[in-house]
Amino acid sequence: MMSKVNMTISKQASKQASKQASKISIIIPAYNCETTIERCILGITKGTYNNIEVIVVDNGSEDSTKEIANKLADKDDRIIVIHQNNQGPAGSRDTGLKNATGDYIAYCDSDDWFEPDCLESLMDFLTRYNADIAVCRSQIPGKIIDYNPFEVQVWDKDGAIDAFLEHKKLNGVLWNKLIRRELFDGIEFDKTLWYWEDLAVVWKIMKRVNRVVRFNEAKYNFYVHPESMCAKKYSPNRIYSSLKVWNKIVEDCSDAGMEEHSRNATVARFKWLYGDLKLMFKDDYDDKESMKTVQCIMRQTGTIGIKSLESKKDKIFASLCIADLNLAKTMYKILNRSK
C-alpha cells in the first residue's frame with residue numbers, strides 16, 4: 001500500500017510531467033564560437049524543462065565549435081548537431097527550423113545562455129494565458145537595471161503589432177521568445193539578409209498571432225561579443241537589410257486590413273533608419289547612395305517621424321539630417337569627438 005508521502009511525490013511528479021508534455025525545439029546557430037558554445041548548450045540541457053531537443057547548426061565553423069558540440073551530443077541524445085557550409089545567419093536559423101520536431105520553437109544565440117528555469121517559465125506563462133508566444137526579459141550580466149520583475153503584459157493581435165512596431169516591450173529578436181510551431185508554417189528565412197533576418201520572420205509571425213504574453217523576469221542572458229556582427233563596423237549588408245525589412249513592413253501595413261498600423265510602421269522605420277544613419281556617421285561609412293535613400297525616406301515621413309524621437313537633441317539632429325547630410329555628418333563628428 002502506497003504511503004501518503006509516496007502518493008504526494010507521485011502526484012507532484014505526475015503534475016510536473018503533464019506540464020512538460022509539450023516538446024520544445026531550441027535552435028542554436030553556431031559559427032566559430034568555441035569559447036561559448038558549451039556554456040550555451042549546457043545552459044539549456046541542465047535546465048528545469050526536460051522535454052527538449054537542442055538543434056545546433058554548425059554553420060561552417062573553422063575552429064573547434066563542431067568538435068565541442070559533437071562531444072556534448074555523444075553524452076546527451078537530446079542534442080542534435082547539423083554541419084553545413086556557411087549559409088549566413090538566415091541559413092542556419094532556417095536549417096534548424098526545418099529539422100525541428102517540437103511543438104514549440106525557441107532560439108538561443110551561441111554566445112548567450114538561458115537561466116535554468118527559462119524554458120519552464122516561458123511555457124508556464126504561455127499556457128497560463130493561452131498565448132501563441134511568450135516573451136521574457138533579457139539581461140546583460142553585470143549590468144544592473146531597475147525594473148519591476150512582476151510586470152506582465154498581454155496583447156491581442158492588434159496590440160502585439162503595435163507593441164512590435166514601438167519596439168520597446170516587444171522587439172524583433174527570436175532569442176527571448178517561445179513560439180507555437182504552427183506559426184512558422186510556410187515561413188522561410190530570407191538568405192539575402194545578413195542582418196535582421198529574425199526581425200523579418202518575427203514580423204510575419206506577428207501577423208498570425210492571437211495573443212502574446214510578456215513577463216518581466218530576466219531569463220535570457222545576452223553577451224555582447226566583440227566579434228559579433230552587430231558589434232562590427234557598419235557595412236553595406238546592414239543598410240541593405242534595414243531597408244529591405246522595414247520597407248516590407250511598411251508595405252504590409254499599407255495593405256487592406258492593416259491600415260490602422262500604417263502610421264506606426266512608418267514612424268518605426270523612420271526611427272530605425274535614423275539610428276542607422278548615426279551609426280554610419282560614427283563608423284565613417286561613406287555610401288552616399290544609401291545615405292541619400294535614408295534621407296529621402298526620413299524626409300517623406302517628415303514631422304511625425306521627428307516628433308516620435310524622445311530627446312530634443314535627436315529631434316534637432318534628425319531635422320539637420322533631413323536638411324543637409326554633409327553638415328549633419330560634420331556636426332556628428334564635432335559633437336562626438338571626445339567620446
Side-chain angles (χ1 to χ4, degrees), residues 158 160-173 190 192-204 206-207 229-256 258-337 339:
D158 286 330
I161 288 175
D162 283 336
F164 169 87
L165 293 173
E166 187 181 13
H167 236 68
K168 290 181 179 178
K169 299 288 187 180
L170 188 59
N171 58 25
V173 300
D190 185 345
T192 69
L193 298 174
W194 282 74
Y195 291 85
W196 324 135
E197 75 288 342
D198 50 350
L199 173 68
V201 165
V202 171
W203 167 245
K204 291 177 182 179
M206 284 299 158
K207 294 187 292 178
M229 292 187 71
C230 289
K232 291 180 178 178
K233 284 210 162 194
Y234 209 88
S235 72
N237 285 329
R238 186 158 179 161
I239 186 59
Y240 165 83
S241 299
S242 292
L243 287 168
K244 185 173 185 180
V245 173
W246 280 102
N247 285 344
K248 175 59 176 170
I249 291 172
V250 170
E251 178 187 325
D252 286 350
C253 288
S254 299
D255 291 343
M258 294 192 69
E259 298 93 337
E260 68 273 20
H261 302 293
S262 182
R263 182 184 183 279
N264 290 343
T266 302
V267 168
R269 179 178 63 178
F270 178 99
K271 294 169 76 172
W272 188 283
L273 293 179
Y274 170 62
D276 273 337
L277 200 55
K278 290 197 294 182
L279 284 174
M280 291 182 200
F281 293 159
K282 174 179 175 291
D283 290 345
D284 206 23
Y285 181 75
D286 198 27
D287 181 352
K288 290 182 173 58
E289 185 177 346
S290 294
M291 290 182 172
K292 280 286 186 184
T293 300
V294 172
Q295 183 190 42
C296 182
I297 292 172
M298 290 177 64
R299 187 174 286 158
Q300 289 172 355
T301 308
T303 305
I304 61 169
I306 294 170
K307 285 184 176 179
S308 72
L309 299 173
E310 294 182 3
S311 73
K312 185 177 180 181
K313 179 181 175 182
D314 275 322
K315 287 181 171 69
I316 294 171
F317 191 68
S319 300
L320 181 58
C321 290
I322 290 172
D324 191 326
L325 275 177
N326 290 329
L327 181 57
K329 186 174 183 179
T330 301
M331 286 300 299
Y332 184 90
K333 289 181 177 179
I334 292 171
L335 293 171
N336 293 276
R337 186 172 291 163
K339 294 183 180 180

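All residue numbers refer to positions in the sequence shown, counting from 1. Predicted, not measured: the structure shown is a model, and the values here were computed from it.
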For [X] and [Y], which heavy atoms make the closest approach, and how far apart are they?
{"X": "L165", "Y": "A265", "answer": "CD1-N, 3.8 Å"}
{"X": "K315", "Y": "E310", "answer": "NZ-O, 3.7 Å"}
{"X": "N171", "Y": "V202", "answer": "O-CG1, 4.0 Å"}
{"X": "I306", "Y": "S319", "answer": "CD1-OG, 3.5 Å"}
{"X": "W203", "Y": "I161", "answer": "CZ3-CG2, 3.9 Å"}
{"X": "C253", "Y": "S262", "answer": "O-CB, 3.5 Å"}

Could you measure the distance from the [atom1] atom of [X] to the [atom2] atom of [Y]? Nearest 0.5 Å is fine.
{"X": "L320", "Y": "M331", "atom1": "CG", "atom2": "CE", "result": "7.0 Å"}
{"X": "L199", "Y": "M206", "atom1": "CG", "atom2": "CE", "result": "10.5 Å"}
{"X": "L170", "Y": "D162", "atom1": "CG", "atom2": "CG", "result": "10.5 Å"}
{"X": "N264", "Y": "F164", "atom1": "CG", "atom2": "CZ", "result": "12.0 Å"}
{"X": "I249", "Y": "M258", "atom1": "CD1", "atom2": "CE", "result": "9.5 Å"}
{"X": "L327", "Y": "C321", "atom1": "CG", "atom2": "SG", "result": "9.5 Å"}

Within the 4.5 Å heavy-atom criterion, are [X] and [Y] side-chain neighbours or not?
{"X": "E197", "Y": "V201", "value": "no"}
{"X": "R238", "Y": "D276", "value": "yes"}
{"X": "V245", "Y": "L193", "value": "yes"}

Exercise for the section: For K248 and E251, run side chain to side chain contact (heavy atoms under 4.5 Å, CB included): C-alpha distance rounded to whole Å, both residues' side-chain angles, the deciding distance at 0.1 Å, then the answer. Expected result: CA-CA 5 Å; K248 175 59 176 170; E251 178 187 325; 4.1 Å; yes
Exercise for the section: Evaluate the ring planes of W246 and W272, with Trp represented by its six-membered ring, and classify them as parallel (under 30°), tilted (30 to 60°) or perpendicular (over 60°). Expected result: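 The arrangement is tilted - the two ring planes meet at 30° to 60°.
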Practice task
Look at the rings of F281 and F317 and say which category their plane angle falls in: under 30° parallel, 30 to 60° tilted, over 60° perpendicular.
Solution key: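 The rings of F281 and F317 stand perpendicular, inter-plane angle above 60°.
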Handout entry: Set of residues satisfying ring-ring contact (aromatic ring centres under 6.0 Å, His included) with respect to Y240, sequence neighbours excluded
Key =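 Y240 satisfies ring-ring contact (aromatic ring centres under 6.0 Å, His included) with no other residue.
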Practice task
Tell me, please, which residues at least two apart from Y274 pass ring-ring contact (aromatic ring centres under 6.0 Å, His included).
Solution key: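 Here no residue qualifies.
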Practice task
Answer with yes or no whether the side chains of S242 and W196 bring together a donor and an acceptor at under 3.5 Å.
Solution key: yes
Practice task
Quick one: do D284 and K329 satisfy side chain to side chain contact (heavy atoms under 4.5 Å, CB included)? Show the steps, please.
Solution key: CA-CA 9 Å; D284 206 23; K329 186 174 183 179; 3.5 Å; yes
Practice task
Run the salt-bridge test on K278 and D314 with the 4.0 Å N-O cut-off and return the result as yes or no.
Solution key: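 Salt bridge flag = yes for D314 with K278.
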Handout entry: Reference residue H261; test side chain to side chain donor-acceptor pair (under 3.5 Å); the match among D252, D158, T266
Key = D158
Practice task
Quick one: do K288 and L325 satisfy side chain to side chain contact (heavy atoms under 4.5 Å, CB included)? Show the steps, please.
Solution key: CA-CA 9 Å; K288 290 182 173 58; L325 275 177; over 6 Å; no
Practice task
Using atom types as modelled and distance alone, determine if a side-chain donor or acceptor of D283 lies under 3.5 Å from a backbone N or O of Y234.
Solution key: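 Side chain of D283 to backbone of Y234: a pair is present.
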Practice task
List the steps, then state whether side chain to side chain donor-acceptor pair (under 3.5 Å) holds for K271 with S308.
Solution key: CA-CA 8 Å; K271 294 169 76 172; S308 72; 4.7 Å; no
Problem - Pairs where residues 289-303 contributes a residue and the test side chain to side chain donor-acceptor pair (under 3.5 Å) is met, not counting sequence neighbours - result: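 Residue pairs passing side chain to side chain donor-acceptor pair (under 3.5 Å), neighbours aside: D287-S290.
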